[in-house]
J.: 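Could you have a look at this structure, given as structure tokens, before my questions?
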Amino acid sequence: MGTDVTTPLLDRLGRPVEDLRVSVTDRCNLRCRYCMPREVFGPDHAFLEREELLSFEELTRLARVFVRLGVRKLRLTGGEPLLRRDLPELVSRLASIDGLEDLALTTNGVLLRRFAPALAAAGLRRITVSLDALDDATFRQLADTNAPVGTVLDGIAAAREAGLDPVKVNCVLQRGVNDDQVEDLAAWARDTGVTLRFIEFMDVGTTNGWLRDRMVPAAEVAERIAARWPIEPVDPSHPGEVAERFRYRDGAGEVGIIASVSRPFCGTCTRARLSAVGELYTCLFAASGTDLRALVRAGADDDALADAVRAVWSARTDRASELRAEAGLTGPRVEMSYIGG
Ligand code: SAM
Ligand code: SF4
Ligand code: SF4
């Protein structure tokens with residue numbers, strides 16, 4: 001099965017489908033307050049049953065269909081993807097898909113020491129670790145956990161030892177919660193050589209109590225870093241790159257800032273998302289997705305699956321973050337832990 005090059009798949013705003021984010025579980029071993037607050041995701045929360053999740057076979061098959069339609073990059077996420085049993089086996093299946101150029105994973109890093117070698121051996125190319133604070137007290141408060149932040153730092157070290165280098169580290173800043181971490185995290189990243197990116201706090205889902213005032217705008221983060229270490233902008237490495245990149249003038253690498261709220265990038269958004277139960281979402285802020293698992297389990301062949309994806313993508317008009325900038329977001333939206341960040 002080759003790429004359908006004769007009929008490039010574009011949405012209604014002319015955007016191709018190039019990236020696929022796949023959530024492999026809705027469960028997590030942390031309870032970050034901005035993502036899975038314990039009051040909502042507590043002992044009574046009904047997580048998905050195992051048979052509801054796409055099997056590795058189903059998932060690999062769907063991934064192949066997306067690659068045929070133009071997807072070049074695939075990122076595994078969740079929930080916490082390292083909680084999915086036998087994840088390296090899935091990585092190995094995905095890594096063997098012809099035409100898939102990039103296979104990455106986003107994790108909270110807590111279980112990374114245990115899994116990094118197997119993931120690297122299975123063909124994972126890149127890893128992004130989420131880390132919102134360097135000091136124990138802030139980390140534990142934010143992630144609502146007893147785990148020390150050292151577990152995550154050790155996970156990052158393990159990933160690098162396993163050859164998954166450079167590791168990217170993403171930090172979501174919230175004013176009054178962890179915005180005091182900017183300089184410490186930047187200094188740590190400069191010293192260790194990881195690629196750090198700050199991300200604006202977003203109003204994903206409806207349970208995280210988002211307030212615009214809590215979001216620390218990208219421009220403010222750049223100013224604070226520049227006040228300590230002179231920086232200069234770097235040209236994007238590819239069209240549609242979401243991070244604005246800056247180079248430290250003293251040669252200590254780069255730092256990135258993702259201004260999802262203050263400078264939305266819907267115009268170049270080429271991302272599709274697949275939930276753990278196989279629903280296709282065309283935007284992080286969508287209220288619902290299209291059930292591809294039902295088609296797979298009803299015996300649809302690859303052409304029928306491709307037709308279904310084509311129908312959804314070619315009708316896509318999403319630009320939620322631009323609309324938010326114009327008028328604000330209202331209405332129901334899926335939770336981040338359900339479709340992955
Ligand atoms: N558990 C993994 C992790 O934390 O990296 C993968 C899933 S998590 C949903 C993916 C990313 O979404 C994390 O980097 C997290 O910080 C980010 N995230 C969650 N809620 C967010 C929000 N409201 N605004 C911005 N980023 C958010
Ligand atoms: Fe879990 Fe990641 Fe959400 Fe934190 S951000 S609760 S680690 S899924
Ligand atoms: Fe893409 Fe939706 Fe985010 Fe805009 S709001 S960049 S369309 S995921």
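Just so you know, ligand 1 is whichever comes first in the structure, and atom 1 is the first atom listed for that ligand.
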J.: Just checking: Cys32, one of its N/O/S atoms, less than 2.8 Å away from atom 4 (Fe) of ligand 2, yes or no?
T.: yes
J.: Would you kindly specify which portion of Val129 sits under 4.0 Å from ligand 1, judged on non-hydrogen atoms: side chain, backbone, both or neither?
T.: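 For Val129, no heavy atom sits under 4.0 Å from ligand 1.
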J.: Looking at non-hydrogen atoms alone, which of Asn108, Leu83, Thr77 comes nearest to atom 7 (S) of ligand 2?
T.: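 That would be Asn108.
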J.: Does ligand 1 have an atom under 4.0 Å from some heavy atom of Gly79?
T.: yes
J.: Can you name the nearest heavy-atom pair linking Cys171 to Asp132, along with the distance?
T.: CA-OD1, 3.5 Å
J.: Is it the case that more than 12 heavy atoms not belonging to Glu57 sit under 6.0 Å from its CD atom?
T.: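 For Glu57, atom CD is not crowded (no more than 12 foreign heavy atoms under 6.0 Å).
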J.: Strictly below 4.0 Å, N to O, side chains only: are Asp303 and Arg68 in salt-bridge contact?
T.: yes
J.: Which of the atoms of ligand 3 are close to Phe285, meaning less than 4.0 Å from one of its heavy atoms?
T.: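 Near Phe285, meaning under 4.0 Å from one of its heavy atoms, ligand 3 has 5 (S).
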J.: Report yes or no: does Glu322 have a heavy atom closer than 4.0 Å to ligand 3?
T.: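 Judged by the 4.0 Å heavy-atom criterion, Glu322 does not count as contacting ligand 3.
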J.: If hydrogens are left out, which of Leu284, Asp318, Thr270 has an atom nearest to atom 8 (S) of ligand 3, that is, the closest non-hydrogen atom?
T.: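 Among Leu284, Asp318, Thr270, the closest heavy atom to atom 8 (S) of ligand 3 comes from Leu284.
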J.: Counting heavy atoms only, which of Cys35, Ser260, Ser130 is nearest atom 5 (O) of ligand 1?
T.: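 Shortest heavy-atom distance from atom 5 (O) of ligand 1: Ser130.
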J.: Report the relative orientation of the aromatic rings in His45 and Phe47; use parallel for angles under 30°, tilted for 30 to 60°, perpendicular for over 60°.
T.: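 It falls in the perpendicular class, over 60°.
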J.: Using a heavy-atom cut-off of under 4.0 Å, does the side chain or the backbone of Thr77 touch ligand 1, or both, or neither?
T.: side chain
J.: Is there a side-chain contact between Asp135 and Val149 in this structure, where contact means two heavy atoms from C-beta onward sitting under 4.5 Å apart?
T.: no
J.: Just which atoms of ligand 2 are under 4.0 Å from any heavy atom in Gly79?
T.: 8 (S)
J.: Give the atoms of ligand 1, by number and element, whose distance to some non-hydrogen atom of Val172 is under 4.0 Å.
T.: 16 (O), 25 (C), 26 (N)
J.: I'd like to check which ligand 1 atoms, numbered from 1 as shown, lie under 4.0 Å from a non-hydrogen atom of Gly78.
T.: 7 (C), 9 (C)
J.: Take Leu82 and Leu119 through the test side-chain contact (heavy atoms from CB on, under 4.5 Å) and record every step on the way to the result.
T.: CA-CA 10 Å; Leu82 300 189; Leu119 290 169; 3.7 Å; yes
J.: If the cut-off is 2.8 Å, does any N/O/S atom of Cys269 fall short of it from atom 1 (Fe) of ligand 3?
T.: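 So Cys269 does bind atom 1 (Fe) of ligand 3 by this criterion.
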J.: Do the non-hydrogen side-chain atoms of Leu284 and Arg21 ever get within less than 4.5 Å of each other?
T.: no
J.: Just distances here: any N/O of Glu80 and N/O of ligand 1 closer than 3.5 Å?
T.: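 N/O-N/O distance below 3.5 Å exists for this pair.
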J.: Any side-chain donor paired with an acceptor under 3.5 Å for Arg160 and Thr192?
T.: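 Their side chains do not contain a donor-acceptor pair, so the 3.5 Å distance test is not met.
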J.: So if I count the atoms of ligand 1 from 1 in the order they appear, which ones are less than 4.0 Å from some heavy atom of Thr107?
T.: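 Listed by number with element, the hits are 2 (C), 3 (C), 5 (O).
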J.: Any nitrogen or oxygen of Met202, side chain or backbone, less than 3.5 Å from one on ligand 1?
T.: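 Yes; the residue has a nitrogen or oxygen that sits under 3.5 Å from a nitrogen or oxygen of the ligand.
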J.: If we set the cut-off at 4.0 Å for heavy atoms, which region of Met202 has an atom near ligand 3: side chain, backbone, both, or neither?
T.: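 Contact part for Met202 vs ligand 3: neither.
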